[in-house]
There are 2 protein chains.
Amino acid sequence: MGMKITTLSALAEPNRLHIVELLRDGPLTVGEIAERLGLAQPQVSKHLRVLSDCGFVEVHPSANRRIYKLRPQPLMEMSDWLESFRRMWEERFDRLDDYLAQLQKKDKE
Amino acid sequence: MGMKITTLSALAEPNRLHIVELLRDGPLTVGEIAERLGLAQPQVSKHLRVLSDCGFVEVHPSANRRIYKLRPQPLMEMSDWLESFRRMWEERFDRLDDYLAQLQKKDKE
DNA sequence: TCTAAATATACCGCGCTTAGAATATGCCTG
DNA sequence: CAGGCATATTCTAAGCGCGGTATATTTAGA
């Protein structure tokens with residue numbers, strides 16, 4: 001599949017990143033999130049909507065409230081994507097010299 | 001330290017994500033990146049500037065050209081950040097019931 | 001059924017980011 | 001040192017995303 005832009009841009013917003021980190025310690029209601037972030041409730045609802053659209057959270061209605069809970073899937077996809085870079089930084093394999101030689105070889109044509 | 005917003009927003013742009021994935025297979029010059037992405041050279045330079053500012057790439061001048069090479073640091077930081085969520089999705093530990101009980105207990109006050 | 005509380009949606013205005021085009025800079029070669 | 005190539009920077013206009021405010025919706029309780 002490859003890494004999704006929606007996943008990254010969801011986290012690229014400070015308040016949303018903060019929400020995700022809050023939910024790491026357990027589910028929370030909209031009001032609680034708003035309180036802890038010092039944010040107005042509508043903004044929180046909108047951010048949660050974005051997070052929900054790309055699978056970061058799921059909702060559990062309970063009477064008046066709506067309990068939001070983190071979903072592992074997008075985080076796992078990020079982890080898989082990062083895995084594809086691991087070889088690069090573990091083998092301290094510096095292809096720069098190879099590349100330079102290859103460049104200069106091409107230049108002679 | 002925590003996860004940096006700059007790192008995430010750098011990757012949240014489709015062309016920049018594409019550049020990072022291109023560089024996964026080895027260093028490239030600006031011109032080559034522009035060609036493979038079908039992008040104009042100035043935009044590529046600008047994207048590389050952003051990636052450079054948050055430590056994603058380093059430059060190696062070689063005569064006329066500038067060779068860009070991926071740096072592992074930001075990717076490692078992302079990996080560390082994700083590590084802090086691993087417990088959540090490995091222990092299939094669903095705190096939702098606990099949380100509900102706790103909520104209703106608070107309501108009685 | 002009326003009210004209050006919790007949450008979601010709609011609308012508006014602004015600031016940031018991007019692409020595009022023009023221009024500047026740096027480096028090699030004849 | 002003049003000219004050409006690779007790259008960086010600047011400027012501008014347009015689009016998107018965010019916060020703020022007002023409003024709609026749902027649910028519990030009197």
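Excluded from the calculations below are hydrogen atoms, water molecules and symmetry mates; all remaining heavy atoms, backbone and side chain alike, are included. Chain letters run A, B, ... following the sequence lines, proteins first, then strands; residues in each count from 1.
The phosphate of dA8(D) has OP1 or OP2 within less than 4.0 Å of a side-chain N or O from R66(B).
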Encode nucleotides 14-23 of chain D as B, S and - characters from 5' to 3', where the letter depends on protein heavy atoms closer than 4.0 Å: B to the base, S only to sugar-phosphate, - to neither. ----SBBBB-
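Residues I33(A) and L39(A) fall within the same hydrophobic cluster, defined by Ile, Leu, Val, Met, Phe, Trp and Tyr side chains chained together at heavy-atom separations under 4.5 Å.
Taking every nucleotide of DNA chain C with any atom under 4.0 Å from a non-hydrogen atom of chain B, the first and last of them, 5' to 3', are dT18(C) to dC28(C).
Looking only at atom types and distance, the side chain of S45(B) has no donor-acceptor partner in the side chain of R66(B) under 3.5 Å away.
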For nucleotides 27-30 of chain D, list the nitrogen or oxygen atoms of the protein found under 3.5 Å from its nitrogen or oxygen atoms, one pair per line.
| from | atom 1 | to | atom 2 | distance (Å) |
| --- | --- | --- | --- | --- |
| dT27(D) | O2 | N64(A) | OD1 | 3.4 |

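Residues meeting the side-chain contact (heavy atoms from CB on, under 4.5 Å) test with S52(B), sequence neighbours left out: V57(B). E35(B) meets the salt bridge (Lys or Arg N to Asp or Glu O under 4.0 Å) test with no other residue; sequence neighbours excluded.
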So what's the dot-bracket for DNA chain D: Watson-Crick or G-U pairs under 3.5 Å, [ ] if a pair crosses, | if it pairs off-strand? ||||||||||||||||||||||||||||||
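Using a distance-only test at 3.5 Å, with no hydrogens or angles considered, no donor-acceptor pair links the side chain of R36(B) to the main chain of G31(B).
In this structure, the CD1 atom of I19(B) is 14 Å from the C1' atom of dT7(D), given to the nearest Å.
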Might you work through the side chain to side chain contact (heavy atoms under 4.5 Å, CB included) test for F56(B) and T6(B), ending with a clear yes or no? CA-CA 11 Å; F56(B) 262 114; T6(B) 50; over 6 Å; no
